[in-house]
Amino acid sequence: MYVAVKGGEKAIRNSHALISEERRGDLEVPELTVEQIREQMSLSVDRVMTEGSIYDRNLAALAIKQAQGDLVEAIFLLRAFRATLPRLAHSLPLDTAKMQVQRRISASYKDLPGGQILGPTYDYTHRLLDFNLALDGMEREQAVVADQGVDPHLPRVADVLNHEGLIEPEQQGAAQEPFDLTRQPMSFPASRDQRLQALARGDEGFLLALGYSTQRGYGGNHPFAGEIRLGEVEVWIQPEGLDFAVSIGDIKVSECQMINQFKGNAEHPPQFTRGYGLAFGHSERKTMAMALVDRALRAPELGESVRFPAQQPEFVLYHSDNVEASGFVQHLKLPHYVDFQAELQLVRQLRQEHQAKQRDKQQAASQGADSAQAPSTASQSQEPNHV
Amino acid sequence: MNSQVNPPASYSRAQAMAILARASLIELEQAWISLGPISKLKIILPAEAGLAMVRGRAGGTGQVFNLGEMTMTRAVVELEGKQGHAYVAGRQLRLAELAASFDALMQARPQMNLMQSLLPKLEARQQQAKELASRKAQSTKVDFFTLVRGENAK
């Protein structure tokens, strides 16, 4: 008989009150505002938007505040909020060539047209703690304003290589609607559109580790950071009620084009191949990891053998979502009392059987020893091997 | 306005909508108040916040894929038989309502010259912000130089 057990409502309510107080911290310290998080913790906001898969700086900042800075929890909150909003439109594909560039670097060409624009980056900092930031009322350094803006026409590095036929051209793919993980379950074989969507919303830590594994020899393709861009792109939609497309605003995105080796085969001469990363906000590490894993997952279509985790679509895509991963790992905290009772019974039973067996064997052995005392030594030498 | 000096600006409806979508709430609210009461404005579709799926292309030029969603707001109003639409990024109900109202007004009453009076001001502010960001980025452009090596120094 199964008896349903209820209880814990009061404990849960009080736990909510306690976490609220913990979140607020010391009352002597002023409370954080959502605007402060949005403006001053903007890289956290960018990660939450990317993996929460909703571009909205205010919502992401609120989620970070509510989650007490736990970004994976904040991502979960954003995904849950998504369920309350209707889908009104889809955008035309972003044109990252027309990006209002804030940062653009290439590790493969020093003198590319438009130049290397470092933009805002921690790359060249010394990683020494700056105790000035702990002081109030300090004047913070201001950006230098150049006489002119960035060259409005910055050619893509991949396009430069493309002119010479040195890099594989991107395939447009079928004209059908791209795969949408928010409406379709994960399925295999996964086409590149499905993979890129899963990688874009995938956990940065997981993809970083997988990307790193390819560099260390678990499916490597000798990558170069062909081009990394950060900046604002226009978002266009085609509304149902109008016969022209409308630009609804600008969003900040990061983009990484990874250039990789390719030996070539009977049909194709040797040429470079591509891995692509794209993410909301300033999420450069994420886009680099994504580009490495995107390229690794393309192994079969490029005739490479699939031998390592980063090259296995099912392994990568089924484990990249941190809302799913966190949910399944953390569900272990939920009451499993009945399951556990069953296991407990089973283990007890198995132990009893084990002990009974041991007893039988000991008895058999002692009987055998008794009977073997007198006769020849031949049987003694065989006996121990079978015990 | 010194419209004698500058030729009157001309915008397509799509351009006007893009500028209105990027305006701040304060800008549109003030501009709306300055017009005085506009009667007969009918709400067709009350401002509604929702999502737009943002799409990208593999490698920037290849296969289309779904990157992730963004919040957006839409509103439709009607004035003297002309519909005004607004589709703006973010959850901005009032902004969408005002943008739709201006869109309707520009079509229903072109004689009000909103294209010439309102849009250039909004656009100028948006362009200035863009240009300032671009100039700050440009200040971080690397100037490579070659060090004179020993065997060349003479």
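All chains are named by letter (A, B, ...) in the order of the sequence lines, taking the proteins before the strands, and each is independently numbered beginning at 1.
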Best-contacting candidate, B:Val64, B:Val88, B:Leu20, against chain A by heavy atom pairs under 4.5 angstrom:
B:Val64
Taking all atoms of both residues into account, what is the closest heavy-atom pair of B:Met70 and A:Ile251, and its distance?
CE-CG2, 3.7 Å
Which atoms form the tightest heavy-atom contact between B:Ser139 and A:Val144, and what is the distance?
OG-O, 3.0 Å
Short N-O contact, B:Arg57 and A:Glu170, less than 4.0 angstrom:
no
Within the 3.5 Å criterion, strictly below it, is a donor on A:Arg103 or B:Thr140 matched to an acceptor on the partner's side chain?
no
Any idea which heavy atoms bring A:Asp56 and B:Arg91 closest together, and the distance?
OD2-NE, 3.1 Å
Count the heavy-atom pairs under 4.5 Å between each of A:Lys110, A:Gln194, A:Glu255 and chain B, then report the option with the highest count.
A:Lys110
Do B:Lys130 and A:Glu232 sit within salt-bridge range, that is, some charged N less than 4.0 Å from a carboxylate O?
no
Could you have a look at A:Ala200, A:Ala146, A:Gly226, A:Pro169 and say which one has the most heavy-atom pairs with chain B under 4.5 angstrom?
A:Ala146
Engaged part of B:Tyr87 at the chain A interface, taking heavy atoms whose separation is under 4.5 Å
both
State whether the side chain of A:Gln171 and the backbone N or O of B:Gly62 hold a donor-acceptor pair below 3.5 Å, judged by distance alone.
no
Report the option among A:Leu59, A:Val101, A:Val246 that has the most heavy-atom pairs separated by less than 4.5 Å from atoms of chain B.
A:Leu59
B:Gln83 versus chain A, heavy atoms under 4.5 Å apart: side chain, backbone, both or neither?
neither
Given that the side chain runs from C-beta out, which part of A:Thr121 has a heavy atom under 4.5 Å from chain B: side chain, backbone, both or neither?
neither
For chain B, which candidate among A:Leu85, A:Ile117, A:Leu118, A:Leu88 shows the most heavy-atom pairs at distances under 4.5 Å?
A:Leu88
Could you tell me the separation between the CZ atom of A:Phe244 and the NE2 atom of B:His85, rounded to the nearest 0.5 Å?
8.0 Å
Report the distance from atom CE of B:Met17 to atom CD1 of A:Ile248, rounding to the nearest 0.5 Å.
10.5 Å
Honestly, the part of A:Asp250 sitting under 4.5 Å from a heavy atom of chain B is both
Heavy-atom closest pair, residues A:Gly249 and B:Ala89
CA-CB, 4.2 Å
To the nearest 0.5 Å, atom CG of A:Leu242 lies from atom CZ of B:Arg13 at 5.5 Å
Considering all heavy atoms of both residues, which atom of A:Arg156 and which atom of B:Gly60 are nearest to each other, and what is their separation?
NH2-O, 3.4 Å
Test side-chain contact (heavy atoms from CB on, under 4.5 Å) applied to B:Ser134 and A:Gln148, A:Gln102, A:Gln100, the passing residue
A:Gln100
Can you tell me how far the CD1 atom of B:Ile19 sits from the OG atom of A:Ser247, to the nearest 0.5 Å?
10.0 Å
Main-chain N/O of A:Leu92 paired with B:Arg55 side-chain donor or acceptor, under 3.5 Å
no
State whether the side chain of B:Asn66 and the backbone N or O of A:Phe179 hold a donor-acceptor pair below 3.5 Å, judged by distance alone.
yes
